[in-house]
Amino acid sequence: AQRAAEDALVRLAMHDPLTDLPNRALLGDRLERALTADVRQRVGVTVIYIDLDGFKPVNDSHGHAAGDLLLQAVAERLSGALRAGDTVARLGGDEFAVLCPGLGPEQVPVVLGRIARAAAPPVRLPGGAVVRLGLSTGTATSVGGGDPASLLEEADQAMFANKRRRRTDRAAARED
């Protein structure tokens with residue numbers, strides 16, 4: 001019983017309680033291991049940073065319980081779109097990260113396509129409302145090792161740059 005209690009505490013410390021995905025701490029550990037292994041393999045380690053577009057209005061219009069269900073649905077879809085050795089983690093709020101060991105930059109578009117297709121179907125909320133979310137993504141790849149925090153930060157910055165670019169493009173399209 002004590003061993004089971006200890007295991008449960010470790011699980012709580014390393015997983016997001018809402019989605020049961022790895023949390024930032026476990027992602028960091030796995031990222032560090034992947035980068036260390038890639039020093040020898042030199043294949044590549046890719047991090048994909050994901051932010052849900054349109055999540056706040058779901059919480060505001062339908063309540064936090066609906067937002068929680070939406071986050072759980074996204075977590076399940078992302079997990080189903082990845083390879084067995086990949087890790088999807090919830091970083092907090094509506095932000096996720098995907099760690100893809102052994103994935104070089106030339107393979108990233110394929111993975112991004114799988115993620116986009118998995119997230120595309122609408123989600124039915126309690127009460128019958130149907131919502132669609134968009135994803136903003138940013139990627140960073142390191143070949144031959146690297147710093148875990150820097151790689152995650154690079155992917156985060158790429159995600160924000162993509163989000164800003166899409167907003168600018170939408171604004172320009174409205175002006176035309």
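Under the side-chain contact (heavy atoms from CB on, under 4.5 Å) criterion, Pro109 pairs with no residue, sequence neighbours left out.
Between the side chain of Asn59 and the backbone N or O of Lys56, no donor-acceptor pair lies under 3.5 Å. At distances below 3.5 Å, at least one donor-acceptor pair connects side-chain atoms of Arg114 with backbone N or O atoms of Ala81. At distances below 3.5 Å, not a single donor-acceptor pair connects side-chain atoms of Asp60 with backbone N or O atoms of Gly63. In this structure, the side chain of Arg117 engages the main chain of Gly113 through a donor-acceptor pair within 3.5 Å. Asp38 contributes a side-chain N or O that, together with a main-chain N or O of Gly144, makes up a donor-acceptor pair within less than 3.5 Å. The closest donor-acceptor contact from the side chain of Gln107 to the backbone of Gly104 lies under 3.5 Å. Remark: side-chain polar atoms of Thr137 are not paired, donor with acceptor, to backbone N or O of Ile50 under 3.5 angstrom. Arg30 places no side-chain N or O within donor-acceptor distance of the main-chain N or O of Asp86, the cut-off being under 3.5 Å. Of the possible donor and acceptor atoms, one in the side chain of Arg132 sits under 3.5 Å from a partner among the backbone N and O of Ala120.
Applying the under-4.5 Å side-chain rule to Ile, Leu, Val, Met, Phe, Trp and Tyr, the cluster around Leu27 extends to Leu31, Leu35, Val45, Val47, Tyr49, Leu91, Leu99, Leu151, Leu152, Met159, Phe160.
A pairwise comparison of heavy atoms in Leu135 and Asp53 identifies C-OD2, 3.4 Å as the closest pair. In terms of heavy-atom proximity, Leu21 sits nearest to Ser79 at CD2-OG, 3.5 Å. Contact between Leu133 and Phe55 at its shortest, heavy atoms only, is CD2-N, 3.8 Å. The nearest pair of heavy atoms linking Cys100 to Val111 is SG-CG1, 4.3 Å. Taking each heavy atom of Arg77 and Ala119 in turn, the nearest pair found is NH1-O, 3.5 Å. For Ser150 against Asp147, the heavy-atom pair with the smallest separation is OG-OD2, 2.6 Å.
Thr19 and Arg90 share no side-chain donor-acceptor pair at under 3.5 Å. In this structure, a donor-acceptor pair under 3.5 Å is absent between the side chains of Ser136 and Asn162. Inspection of the Gln72 and Glu76 side chains reveals no N or O donor paired with an N or O acceptor under 3.5 Å.
Enclosure of atom CZ in Arg33 is not indicated, since only 12 or fewer non-hydrogen atoms of other residues, nucleotides or ligands lie within 6.0 angstrom. Residue Arg40 places its CZ atom among 12 or fewer non-hydrogen atoms of other residues, nucleotides or ligands, all under 6.0 Å distant.
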